[in-house]
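A short write-up of the structure that comes next.
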Protein chains: 2
Amino acid sequence: MTEDTKVDPVQACPIAPVIDVVFSRWTTPILWTLNEFGKHRFVELERRIGVITAKVLTQRLRQLERDGLIVRTYYPEVPPRVEYEISDLGRSLAPLFQSLSEWSPNLDKVAEARQHYDTHEPAHRRP
Amino acid sequence: MTEDTKVDPVQACPIAPVIDVVFSRWTTPILWTLNEFGKHRFVELERRIGVITAKVLTQRLRQLERDGLIVRTYYPEVPPRVEYEISDLGRSLAPLFQSLSEWSPNLDKVAEARQHYDTHEPAHRRP
DNA sequence: CTGTATCCGAATAGATACTG
DNA sequence: CAGTATCTATTCGGATACAG
């Protein structure tokens, strides 16, 4: 790395685009829930995820639908009913979810590291 | 899912905290680069990642250092030198990076899905 | 029920200038 | 070189009201 030229973002980190598509804000619980527990209606998702507002949930659902990761089905009844489910493409994320949940025990170490960083304050660390 | 009570966020999606720690904005290219290519100085990271500003890069490096995912070493020379490298904990993310890069070919399907969604506009889809 | 529309405040990132 | 300090622009989410 001695050149002065900057690197193409995708070249610089090939996995970043995956993160953008799959794990941008709020999409993780949506995809995980639909993958884990199957079809959900709008209010069911809203309740299960807990703190999300309807507006934001709608935005994220549209985005995921557009990206082909979930399927939206509208039933023109009264009252209207909509069901969201994971698509085949979305289902292909399963190994990724698996890797993530396998790593999650390490969060304890992260918590420890934070504790250590916040309590100890070595003077020699900064310039 | 018939109760009216909202679910605890962590219960609702156990992998979300991992995303927050490891794949929040800008941390992906930093961790990936350090894991893939070893030690980097500040400017080297800045150039390799490309579009990030020094301020934001500093913020993210501090965060990752605090979380124990990278190690910062300061050499009090003139001019000063700082080296960042992945920690053992950070290295444990390797399988995760692997899963992510294995999924990345599917980004083509995402692009197709977007194309389809944007061109076709079926009227029966919305309430 | 499943959204949309609007307004507003908070959080984030970028630009720029400056320091040890 | 490796940052910090400010200021500003933009984005994002929350609250509210309302519609089909």
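Chain letters run A, B, ... following the sequence lines, proteins first and then strands; every chain starts at 1. Keep in mind that what you see is a predicted model, and the values were worked out from it rather than measured.
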Practice problem: Could you tell me the separation between the NE2 atom of B:H40 and the P atom of D:dC1, rounded to a whole number of Å? | Solution: 15 Å

Exercise. Go through D:dG3, C:dG3, D:dC1 for me and flag the one nearest to the B:P80 side chain.
Key: D:dC1

Quiz item: Would you say C:dT2 has OP1 or OP2 under 4.0 Å from some side-chain N or O of A:R81?
Solution: no

Quiz item: Between A:R72 (CZ) and C:dT2 (C1'), how many Å, whole number?
Solution: 8 Å

Practice problem: Could you tell me whether the side chain of B:E44 and the main chain of B:R41 form a donor-acceptor pair under 3.5 Å? | Solution: yes

Quiz item: Is B:Q63 reaching over with its side chain to a backbone N or O of B:R60, donor-acceptor style, under 3.5 angstrom?
Solution: no

Quiz item: Closer than 4.0 Å, any side-chain N/O of B:R47 to the OP1 or OP2 of D:dA2?
Solution: no

Quiz item: Do the side chain of B:D118 and the main chain of B:Q115 share a donor and acceptor less than 3.5 angstrom apart?
Solution: no

Quiz item: In B/S/- notation, 5' to 3', how is nucleotides 9-16 of chain C contacted by protein heavy atoms closer than 4.0 Å?
Solution: ----BBB-

Practice problem: Would you mind reading off the distance between B:E65 atom CD and D:dA2 atom C1', rounded to a whole angstrom? | Solution: 14 Å

Self-check item: Within-4.5 Å side-chain heavy-atom neighbours: A:V21 and A:L69
Solution: yes

Exercise. Work out how much the helix from C:dC1-D:dG20 to C:dG20-D:dC1 bends between its end axes, five pairs an end, to the nearest 10 degrees.
Key: 50°

Quiz item: Looking only at side-chain N and O atoms, does B:R62 come under 4.0 Å of OP1 or OP2 in D:dG3?
Solution: yes

Quiz item: Under 3.5 Å, is there a donor-acceptor pair between the side chain of A:S87 and the main chain of A:V71?
Solution: no

Exercise. Take the protein atom CG of A:L45 and the nucleotide atom P of C:dG3, then report the distance between them rounded to whole Å.
Key: 10 Å

Quiz item: Within less than 4.0 Å of OP1 or OP2 of C:dG3, is there a side-chain N or O belonging to A:Y84?
Solution: yes

Quiz item: How would you list, by chain and number, every residue that makes a salt bridge (Lys or Arg N to Asp or Glu O under 4.0 Å) with B:E102, sequence neighbours excluded?
Solution: none

Exercise. Please confirm whether B:R48 makes a cation-pi placement over B:F37, using NZ or CZ under 6.0 Å from the six-membered ring centre and within 45° of the ring normal.
Key: yes

Quiz item: For B:E46 and D:dA2, what is the distance between atoms CD and P respectively, to the nearest whole Å?
Solution: 9 Å

Quiz item: Does a side-chain heavy-atom distance below 4.5 Å link B:K55 with B:Q59?
Solution: yes

Quiz item: Rounded to whole angstrom units, what separation is found between the CG atom of B:L57 and the C1' atom of D:dG3?
Solution: 10 Å

Practice problem: Starting from P on D:dT4, measure out to OH on B:Y74 and report it in whole angstrom. | Solution: 12 Å

Quiz prompt | Derivation and outcome, ring-ring contact (aromatic ring centres under 6.0 Å, His included), residues B:W32 and B:F23 | solution = CA-CA 10 Å; B:W32 187 85; B:F23 299 115; over 10 Å; no

